[in-house]
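To find a chain, count down the sequence lines: A is the first, B the second, and so on, and within it residues start at 1. When reading the values below, keep in mind they use all heavy atoms of this one structure, side chains included, and skip hydrogens, waters and symmetry mates.
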Amino acid sequence: MSNDSEFRTCPDTGLRIHLPAEKLMKANAVAAVVFLLIGGIFGLVVALTRWPAVHLLPAEWFYIALTAHGTDVLIVWIIFFEMAVLYFTSTVLLNSRMATPRIGWVAFALMLVGAVMANVVILDGSSTVMFTSYPPLMASPFFYLGLILFAVGALLVCFIFLGTLVIAKQERTYEGSLPLVVFGALIAAIIAIFTIASGAIILIPTLLWSLGLVGDIDPQMYRLVWWAFGHSSQQINMAAQIAIWYGIAALLFGAKPLSEKVSRMAFFLYLLALQLGSAHHLLSDPGGSMSFRVFNTSYAMYIAVLGSMIHAFTIPGSIEAAQREKGLNNGLFEWLRKAPWGNPVFSGMFLSLTLFGFIGGITGITMSVQQINMIIHNTTYVPGHFHGTVAAGTTLAFMALTYWLLPVLWRRDVFMPKMAQWSTWMFGLGMGGFAIFFMAAGHLGVARRHWDMTFAGNPLGFEYSATVYLFMGVAGITAVIGSLGALAYILYTVGTILFGKRRPDTAAPAVSDEGVEAITSYGNRSKGWEAPGSMVLVAVFMVFLVVYYFANWKYLGSVWGIR
Amino acid sequence: MSTHNTLTPPPNDWWRHPIGRDEVIWISVAAAWCVIMTFMMIYWYFAGNQNQAGEAYRISPEAFAAKADEMVDKYTIRTETELEVPVVAVPPGGDVYIVSSQFQWNVIPELKLGETYRFHLSSVDVNHGFSLQPINVNLQLVPGYDYVLNFTPNAVGEYNMVCNEYCGLLHHAMVGRLYVVE
């Protein structure tokens with residue numbers, strides 16, 4: 001049973017926090033930020049190498065830095081942060097104690113050892129295989145082992161999360177159904193279990209192969225199973241970041257979902273077919289029939305797309321309805337104009353929602369069309385797209401949450417609040433701009449993961465147009481702006497933890513809840529629109545999507561006959 | 001009246017609350033769009049000229065390389081650059097074998113405008129990418145798999161084949177050429 005001495009009540013928010021869980025949240029969040037710093041530095045030097053006028057690193061170090069960048073930010077930073085989110089949602093939001101803190105520390109140790117191990121063998125040059133590590137390119141056995149240890153740790157945390165839900169239910173720490181945000185986190189945890197199992201299924205034989213115990217790994221099979229891990233892990237991010245968007249809407253506006261039913265169904269859609277949808281990474285591969293490809297990228301993927309499009313309306317819609325309820329009811333957009341844009345929790349949340357949809361979403365839907373995939377596959381379009389989703393979307397959403405969570409967990413005054421205000425804009429617009437210009441260069445044919453687009457000294461080389469160089473240059477500049485935003489975020493985090501003034505328990509709340517009133521209802525549903533401004537936003541989104549989608553078909557129709 | 005939000009449990013009868021008009025409209029539009037996108041892929045499969053699903057066969061790297069050597073012996077018309085890369089002019093309708101390996105392409109194909117060729121694409125070591133510039137057609141080459149696609153060029157000119165799947169420390173040196181002539 002829960003023991004009151006293991007809890008504290010946060011004087012700012014009134015939340016009851018289980019102390020052993022809080023320690024784990026802090027440890028996982030700190031590890032996440034440390035790896036964001038390491039991975040971010042690698043990302044910056046990679047971007048400075050692809051910026052043609054700078055071309056910073058020699059070839060070998062470029063490929064090493066690129067392998068490390070993908071591993072450290074796409075896997076380590078994001079998953080460590082998600083572990084903190086799982087602990088927070090299952091304990092604090094359910095007013096519950098956590099299951100087995102001891103195993104939580106075992107999981108943390110496994111993840112940390114795994115991440116450090118992978119980094120060491122990447123940096124010593126023995127595992128320059130990119131984080132996708134397609135065989136027959138072979139990395140050091142410690143590369144695969146590191147990833148496996150990391151994954152096992154993350155899997156343990158998923159089970160602790162489920163165990164905590166059971167405890168909360170048994171001890172009746174809450175009434176009725178799970179809160180929407182916890183439900184979203186549950187979906188993320190279920191996807192994570194599937195994802196990590198797929199990773200184990202492919203990485204364990206690959207480890208044995210690198211040790212010489214297994215003859216060979218079929219390279220096409222590896223790509224199929226690896227992407228069940230690689231893409232599904234992006235679905236964990238989706239579910240987690242959407243839960244965070246809903247959560248921030250409640251923290252800042254007191255928003256409740258327009259309809260619990262719709263928002264929960266939209267989360268549930270992610271579960272139905274996500275593992276099949278991962279096949280869109282194989283659309284320009286030799287393996288797989290046409291029916292396999294079309295099934296996996298239509299039914300299987302569009303179910304998840306539908307879920308995301310629903311959230312794209314219901315999240316801004318719930319904020320709009322809450323704001324209108326408070327009297328910001330003039331015109332279509334007063335609710336949005338008068339939102340707290342100076343608060344990095346809001347600016348980060350709303351920017352990440354917008355950039356994820358307009359940049360990551362529209363391009364992701366288009367590039368995963370079976371035939372269109374052939375005109376972008378493995379060009380810089382691909383990293384351009386996923387910087388729109390994972391950097392400007394997921395990472396920025398996590399940053400926004402940090403700006404709220406840090407003072408709550410550490411009980412310290414924030415360090416340089418002005419810098420925090422700027423950081424979300426710099427990171428969001430920097431990464432969003434990078435995504436756009438890298439994709440533009442990809443449309444013009446620039447290869448991803450490529451050190452020298454000038455083909456210097458190669459008798460068979462050729463020259464890209466001046467436009468391509470312009471796009472790559474602007475991509476370099478925007479990457480630097482984004483990196484500065486990330487650096488400001490890291491300085492804020494470290495500065496607040498180390499130098500922030502400790503807050504007495506009687507002080508005025510660090511987390512202002514001014515203007516946050518609980519919303520009881522959104523008025524009479526039978527009359528008028530609930531969220532007309534948000535309807536306009538999604539209509540604009542739809543127009544962009546349809547135009548961009550058919551423009552790509554038109555371009556595809558102009559190239560050689562290929563059948 | 002309960003004062004719940006996204007962070008607190010919903011009212012017990014949340015399942016019975018009606019869905020607002022805004023949401024119904026948007027969900028219908030989004031679902032209809034997903035159906036349109038599904039049919040667009042199927043339509044293009046039957047009516048479009050660009051479909052990379054093609055055919056694929058398992059083949060050992062040695063067997064694939066042997067077939068490519070046979071093509072080179074039969075159809076080489078000249079060599080280019082100090083590397084003496086063979087330029088091969090396979091007759092229209094014939095089989096063109098593209099062998100990718102660390103860090104080169106086996107031949108420079110010379111094709112005739114408007115004719116159709118049966119391309120066989122594979123690798124004899126690690127994964128490579130076949131990126132045809134400037135038209136920007138990109139395919140994955142996987143060792144052990146013969147990826148067969150019929151190519152019909154629609155413009156004359158000099159094209160380049162760039163490797164766009166990371167294949168090792170000299171990946172960026174892997175570039176080749178392809179001609180389309182009248």
Chain B contact via [X] - side chain, backbone, both or neither, heavy atoms under 4.5 Å:
X	value
A:M309	both
A:L66	neither
A:Q220	both
A:S558	backbone
A:R293	side chain
A:I376	backbone
A:F550	side chain
A:T314	side chain
A:D285	both
A:M542	side chain
A:Y246	both
A:V546	both

[X] side chain near [Y] side chain, heavy-atom distance below 4.5 Å:
X	Y	result
B:W105	A:L460	no
A:H450	B:V162	yes
A:P179	B:P10	no
A:E530	B:R21	no
A:V294	B:I42	yes
B:L139	A:H377	no
A:W553	B:Q50	no
A:S177	B:P9	no

Quick one: of [options], who has the most non-hydrogen atom pairs under 4.5 Å with chain B?
options	result
A:P219, A:G176, A:G442	A:P219
A:A531, A:A539, A:G288	A:A531
A:Y555, A:F292, A:F62	A:Y555
A:Y174, A:Y134, A:F183	A:Y134
A:P136, A:A447, A:A59, A:G184	A:P136

### Query
Under the side-chain contact (heavy atoms from CB on, under 4.5 Å) criterion, do A:W529 and B:I25 qualify, and how do the steps go?
CA-CA 11 Å; A:W529 301 92; B:I25 292 174; 3.6 Å; yes
### Summary
Hits for salt bridge (charged side-chain N to carboxylate O under 4.0 Å, His left out) against B:D146, two or more places apart or cross-chain, chain-then-number order -> none
Nearest heavy atoms of [X] and [Y], plus distance in Å:
X	Y	result
B:A53	A:M290	CB-SD, 3.6 Å
A:G247	B:L7	CA-CD2, 3.9 Å
B:N5	A:A255	CB-O, 3.1 Å
A:K261	B:I19	CE-CG1, 4.0 Å
A:A250	B:T6	CB-OG1, 3.1 Å

Segment of [X] engaging chain A (4.5 angstrom heavy-atom cut-off):
X	value
B:M40	both
B:P134	backbone
B:E158	neither
B:N12	side chain
B:Y159	side chain
B:E165	both

Can you pull out the residues in [range] with any heavy atom less than 4.5 Å from chain A?
range	answer
residues 120-129 of chain B	B:D125, B:V126, B:N127
residues 166-182 of chain B	B:Y166, B:C167, B:G168, B:L169, B:H171, B:H172, B:A173, B:V175, B:G176, B:R177, B:L178, B:V180
residues 72-95 of chain B	B:T81, B:E82, B:L83, B:V85

### Query
Can you find a side-chain donor-acceptor pair between A:E260 and B:H17 that sits under 3.5 Å?
no
With rounding to the nearest 0.5 angstrom, report the [atom1] to [atom2] distance, [X] to [Y].
X	Y	atom1	atom2	answer
B:T152	A:W560	OG1	CH2	9.5 Å
A:L556	B:W44	CG	CH2	5.5 Å
A:L178	B:T8	CG	OG1	12.0 Å
A:S534	B:W26	OG	CH2	11.0 Å
B:N164	A:R448	CG	CZ	9.0 Å
A:R264	B:W15	CZ	CH2	10.0 Å

### Task
Show the numbers, then the answer: is there a side-chain contact (heavy atoms from CB on, under 4.5 Å) between A:Q370 and B:Q52?
CA-CA 8 Å; A:Q370 163 60 34; B:Q52 77 276 41; 3.1 Å; yes
### Query
Could you go step by step and tell me if B:I27 and A:V262 meet the side-chain contact (heavy atoms from CB on, under 4.5 Å) rule?
CA-CA 9 Å; B:I27 294 168; A:V262 168; 3.8 Å; yes
### Query
Do B:Y145 and A:D218 pass the side-chain hydrogen bond (donor to acceptor under 3.5 Å, both in side chains) test, and can you show the C-alpha distance, the side-chain angles, and the key distance before you say yes or no?
CA-CA 10 Å; B:Y145 290 82; A:D218 184 282; 2.9 Å; yes
### Task
Give a yes or no on whether the ring-centroid distance for B:W33 and A:Y549 is below 6.0 angstrom.
yes
### Task
Would you mind telling me which of B:E55, B:Q133, B:Q140 has the largest number of heavy-atom pairs within less than 4.5 Å of chain A?
B:Q140
### Task
Apply side-chain contact (heavy atoms from CB on, under 4.5 Å) to B:C34 and A:V305, showing your working.
CA-CA 8 Å; B:C34 290; A:V305 168; 4.2 Å; yes
